[in-house]
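Per chain, numbering begins at 1; letters A, B, ... match sequence-line order.
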Amino acid sequence: MKIITWNVNSIRTRLPRCLALLERHSPDLLCLQETKVEDDKFPRQEIEAAGYQVEVFGQKTYNGVALLSKKPLENVQRGFPGNPIPEQARAIGATLDGVEVWNLYVVNGQALDSPKFPIKMAWLQGFFDWMQGERKPNQDLVVVGDFNIAPEDRDVHDPKKWSGKILCSDQEREKLQSFLDWGLTDLFRLHEAGDGHFTWWDYRAGAFPRGWGLRIDLMLGTASMIKRCRGVQIDREERKKTTGEGTPSDHAPVILELD
DNA sequence: ATGGTTGGTCGCCAA
């Protein structure tokens, strides 16, 4: 089974590239974040014509998540009980071939002294509390998406510059660590220990050609997923500008292959 | 220390 997570930064603007991605990788499941569209305006027909079923949880202008799958999804869940900001569409879960997948768009937080930072921490805690109460680490479970957290300094192009900044702070990393301590593993790190592997590059200041990236799009899985994990790849090509398909998202897709 | 781009929407906010 192949699962991709991608912060698409507007599904309507990115539709040609999204269709090309489906064609190129033929994933069983594509988890999208930042679709930025209300459910009745989601380009459902074009994606269904490509052979995918569509489950959306969106809102106007901001946020929005979606699951595109070849086969029907079971037990689709939009949001989670205890979410401190339920008006923001940031989480959708479903089961595919016995594997429960949660697709998250974690609050960015803006800056450590921003009012949005405690909301980020509360949202992560809210999801963790739900997961800890309602799920077990011995289940077949993956939690994927844009976490807006770089887990370690090796996930940051310039750790000194980013030290203590949003996406890299101790508080955020400790919150992510609570997910790992519960029983989830950063599946990318099973097969790659080195630095220089990023999934997001700021649109500004030519960050991508300069290599100024962070790895903030993650694939977390329980112990049974470790056994089934064949590898996790980052599709850096998708972040490059190409002719004819429009501009890239500021995030690269991340591809998980399970036995 | 700060830079400066993209998307949604149409004056800015968010990232």
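- Judged by closest nucleotide on DNA chain B, A/G206 is the one of A/T61 and A/G206 placed further toward the 5' end.
- Comparing the P positions of B/dC10 and B/dA14 gives an interatomic distance of 14 Å, to the nearest angstrom.
- Across the protein-nucleic acid pair, A/K60 atom NZ and B/dC12 atom P stand 17 Å apart, rounded to whole Å.
- A/S249 comes within 4.0 angstrom of no nucleic acid atom, judged by non-hydrogen atoms across all strands.
- Among the atoms of the strands shown, none is found under 4.0 Å from any heavy atom of A/K41.
- For the ring-ring contact (aromatic ring centres under 6.0 Å, His included) with A/W102, the lone residue among A/F127, A/F147, A/F128 that qualifies is A/F127.
- B/dC12 and B/dA1 are spaced 30 Å apart, taking the P atom of each and rounding to whole Å.
- Between the side chains of A/K70 and A/S26, at least one donor N or O sits under 3.5 Å from an acceptor N or O.
- In this structure, the side chains of A/K120 and A/K175 stay at 4.5 Å or more apart for every pair of heavy atoms.
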A/E55/A/R78 under salt bridge (charged side-chain N to carboxylate O under 4.0 Å, His left out): CA gap, chis, key distance, verdict: CA-CA 9 Å; A/E55 297 286 354; A/R78 291 169 175 83; 2.7 Å; yes
Taking N or O atoms only and anything under 3.5 Å, show me the protein contacts with nucleotides 13-15 of chain B, one pair per line.
residue	atom	partner	partner atom	Å
B/dA14	OP1	A/K116	NZ	3.3
B/dA14	OP2	A/K116	NZ	3.3
B/dA14	O5'	A/K116	NZ	3.1

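- Within residues 11-23 of chain A, the residues approaching DNA chain B are A/R12, A/T13, A/R14, by heavy-atom distance under 4.0 Å.
- Taking the P atoms as reference points, B/dT2 lies 23 Å from B/dT6, given to the whole Å.
- In this structure, A/W162 and A/C168 approach most closely via the heavy-atom pair O-CB, 3.5 Å.
- For the residue pair A/E34 and A/N9, no side-chain donor N or O sits within less than 3.5 Å of a side-chain acceptor on the partner.
- If you measure from atom CZ of A/R210 to atom C1' of B/dT5, you get 13 Å, rounded to the nearest angstrom.
- Note: A/F179 and A/W182 fail the aromatic proximity criterion, with ring centroids not under 6.0 Å apart.
- Using a 4.0 Å heavy-atom cutoff across all strands shown, A/K241 reaches sugar-phosphate atoms only and no base atom.
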From CA spacing to verdict: ring pair (Phe, Tyr, Trp, His ring centres under 6.0 Å), A/F80, A/W123: CA-CA 10 Å; A/F80 54 90; A/W123 191 88; 5.5 Å; yes
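- In terms of heavy atoms, A/T222 sits closest to A/Q139 at OG1-O, 2.6 Å.
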